[in-house]
Each structure stands twice: as C-alpha cells, then as structure tokens.
Amino acid sequence: TTKIAVLVSGRGSNLQSVIDNIESGYIRDAEIKVVISDVGDAYALERARKHGIPAVFTDPLSFENKPAFELEILKTLKEHNIDLILLAGYMRIVGKEIISAYPNRIINIHPALLPAFKGLHAQQQAFKYGVKVSGCTVHFVDEGMDTGPIIIQKCVPVLEDDTADTLAARILEQEHKIFPEAVKLFAEGKLKVEGRIVVHT
Ligand code: GAR
C-alpha cells in the first residue's frame, strides 16, 4: 500500500478528489495517512477530519527558518512512513530538506500548461497574457519552481466571454481528473522517470 501525505494551504478540492477516488476504488492500494497544512484555518484540514484522516497544522511562524520548518514536516512524514507526498494547493516552495528525502516521490498539481505560467495565480497569468488554450499539469517536484518532470497535462480552451475566474473553474475541473489519475499510476508503479521524461509503463 502506498502511504500518502497531502500538503495543503487552502480549500482542498484537489485533496477531496484524491480522497473520493481512493474511496471509489479508482485509486487502488493507496491510503492518505496524514494531511499537513501551513495555514491553520485551511478548509482542507476540515475535509481530512471528515474522512477520519489525521490533519496537522504546522505553523511556519513558529520556526526560526525554512529548514527548521521543513524538518518538522519531515518528522511528521517519517512518523507516518510516507512513500508519496502530494502537493494539493500547497502555496510554498518545497525546500531541499524535503525534496532530497523524497526524490521523484513528490507530485504537484499546477493550474497551467508548464513550462508556461509558473508560480502563483497561473490561471490569471494565462488569462491576462491572452492565450487561447490553457490547462493544468501534474508533475514531479524537483528543486526548481514548477520545473520537475511532467506526468500528465490536460488542456482547455479560453473562450470569448471568459474571465480569469471562469477559466480557473474550467481548469479546476480537469485538475480533479488528472491529479487522481497520476496518483493511481504512481500507486500502481507505472511511472518511470528517465531524466526529464516520465514514461508510463
Ligand atoms: C488549484 O488550482 C491548484 O492547481 C493550485 O491551487 C489551487 C488549489 O485548490 N496550485 C497552485 O497554484 C500551486 N502553485 P484546492 O485547494 O481546491 O485544491
């Protein structure tokens, strides 16, 4: 069984999609052992508790620096024997303390077609740039920001009467499909990383 930790900062709809797809049996042989938030009142924590999943708030402000904060998270990960870390709307850059402990075992969902529109508010960046298609990307996390090997991408059109919000909603719908799909493939041992290329075996 793949033991999963989910790192979150907010609403947690992508966390919910993984929970639902484990409960439905679409993702097999995987279990969410803990949800960790860097924001105390993140609704994602509530979602975890509703499903009986341990929900932990780790307050970045109570640590001297980023390595100390990450060591605390690592401690929680070790306590739960975690195999796979999911970043589901986690709004911090994961540092080398965590990355080096989990090489190619951290997966992020990003609301744009990488390598375009990295960083925060990617849907709004894409909308303002005037692209005619955007989408979302699930990728392994490396030491760069939104630069790791791509697992799945899905595109959506930008329509004439879109706002950044309606575009974001269209992208989110696809996030909720490809994020669980990537988790399923990982849990089945079907993802092989060859340099930048992720092969689906
Ligand atoms: C999602 O759109 C996710 O792709 C994005 O934040 C949202 C979180 O929503 N992540 C990033 O922008 C990462 N830089 P959720 O909390 O409902 O899953």
Side-chain angles (χ1 to χ4, degrees), residues 4-23 26-27 32 34-51 53 55-58 60 66 70 73 84-95 98-99 102 106-129 131 133-158 162-184 186:
I4 300 172
V6 187
L7 270 57
V8 297
S9 300
R11 173 178 64 177
S13 71
N14 279 290
L15 163 67
Q16 190 69 54
S17 79
V18 176
I19 292 174
D20 293 346
N21 280 286
I22 289 175
E23 290 187 353
Y26 173 72
I27 299 169
I32 301 176
V34 64
V35 170
I36 303 170
S37 177
D38 64 331
V39 174
D41 61 358
Y43 184 60
L45 289 171
E46 203 58 43
R47 292 184 194 263
R49 291 189 195 104
K50 282 183 186 166
H51 289 265
I53 300 166
V56 179
F57 166 44
T58 302
K66 180 161 167 167
E70 293 218 324
I73 291 180
L84 171 65
I85 302 170
L86 300 180
L87 308 183
Y90 182 66
M91 295 303 177
R92 269 169 207 281
I93 294 171
V94 177
I98 295 178
I99 289 173
Y102 290 88
I106 308 174
I107 292 177
N108 180 47
I109 174 80
H110 183 76
L113 294 175
L114 292 172
F117 310 119
K118 299 180 174 88
L120 295 177
H121 311 299
Q123 309 96 323
Q124 197 179 338
Q125 289 183 50
F127 182 78
K128 284 189 174 157
Y129 196 91
V131 296
V133 293
S134 191
C136 45
T137 303
V138 184
H139 65 94
F140 284 112
V141 174
D142 65 11
E143 290 199 14
M145 180 182 69
D146 299 326
T147 54
I150 292 170
I151 303 168
I152 305 175
Q153 291 185 301
K154 183 89 184 192
C155 56
V156 305
V158 179
D162 264 341
T163 62
D165 286 346
T166 58
L167 175 61
R170 191 174 305 117
I171 292 169
L172 189 65
E173 215 176 294
Q174 299 308 318
E175 294 183 40
H176 295 161
K177 293 180 184 156
I178 66 173
F179 197 45
E181 187 183 345
V183 176
K184 174 191 171 74
F186 183 97

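Atoms within each ligand, like the ligands themselves, are counted from 1 in listed order. Values reported hereafter were calculated over all heavy atoms of this structure, with side chains retained and with hydrogens, waters and symmetry mates removed.
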To the nearest 0.1 Å, how far is [atom] from its closest protein heavy atom, and which atom is that?
atom: atom 16 (O) of ligand 1; answer: G12 N, 2.7 Å
atom: atom 15 (P) of ligand 1; answer: S13 N, 3.4 Å
atom: atom 13 (C) of ligand 1; answer: M91 SD, 4.0 Å
atom: atom 8 (C) of ligand 1; answer: G89 CA, 3.6 Å

Check: I98 and I73 side chains under 4.5 Å, non-hydrogen atoms: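 Yes, side chains in contact.
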Close side-chain approach of F117 and V131, heavy atoms under 4.5 Å: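 SC-SC contact between F117 and V131 confirmed.
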Interatomic spacing from CD in Q174 to SG in C136 - rounded to 0.5 Å: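 The CD atom of Q174 sits 6.0 Å away from the SG atom of C136.
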Which residues share a side chain to side chain contact (heavy atoms under 4.5 Å, CB included) with F57, sequence neighbours left out: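 If we apply the side chain to side chain contact (heavy atoms under 4.5 Å, CB included) test to F57, skipping adjacent residues, the hits are L45, D59.
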Residue list, side chain to side chain contact (heavy atoms under 4.5 Å, CB included) with A164, at least two apart or on another chain: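 Side chain to side chain contact (heavy atoms under 4.5 Å, CB included) list for A164, sorted by chain: Q124, F127.
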Contact with ligand 1 for L120, non-hydrogen, under 4.0 angstrom: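 Heavy atoms of L120 never come under 4.0 Å of ligand 1.
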Modelled atom types, side-chain donor and acceptor of H51 and E23, under 3.5 Å: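 Looking only at side-chain atoms, E23 and H51 do form a donor-acceptor pair, the distance falling under 3.5 Å.
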Polar proximity ligand 1 side, Y90 side, N/O cut 3.5 Å exclusive: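 For ligand 1, there is no N or O atom that lies under 3.5 Å from one belonging to Y90.
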Of the listed options E175, Q16, H176, closest to atom 3 (C) of ligand 1 (non-hydrogen atoms):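 Selected option, by shortest heavy-atom distance: E175.
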Within reach of ligand 1, part of Q123 (heavy-atom separation under 4.0 Å):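 Contact part for Q123 vs ligand 1: side chain (C-beta onward).
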Salt bridge E46-R49, side-chain N to carboxylate O under 4.0 Å: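 Here E46 pairs with R49 in a salt bridge, since their nearest N and O are under 4.0 Å apart.
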Atoms of ligand 1 close to R11 [distance to a heavy atom under 4.0 angstrom, numbered from 1]: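 Answer for ligand 1: 9 (O), 15 (P), 16 (O), 17 (O).
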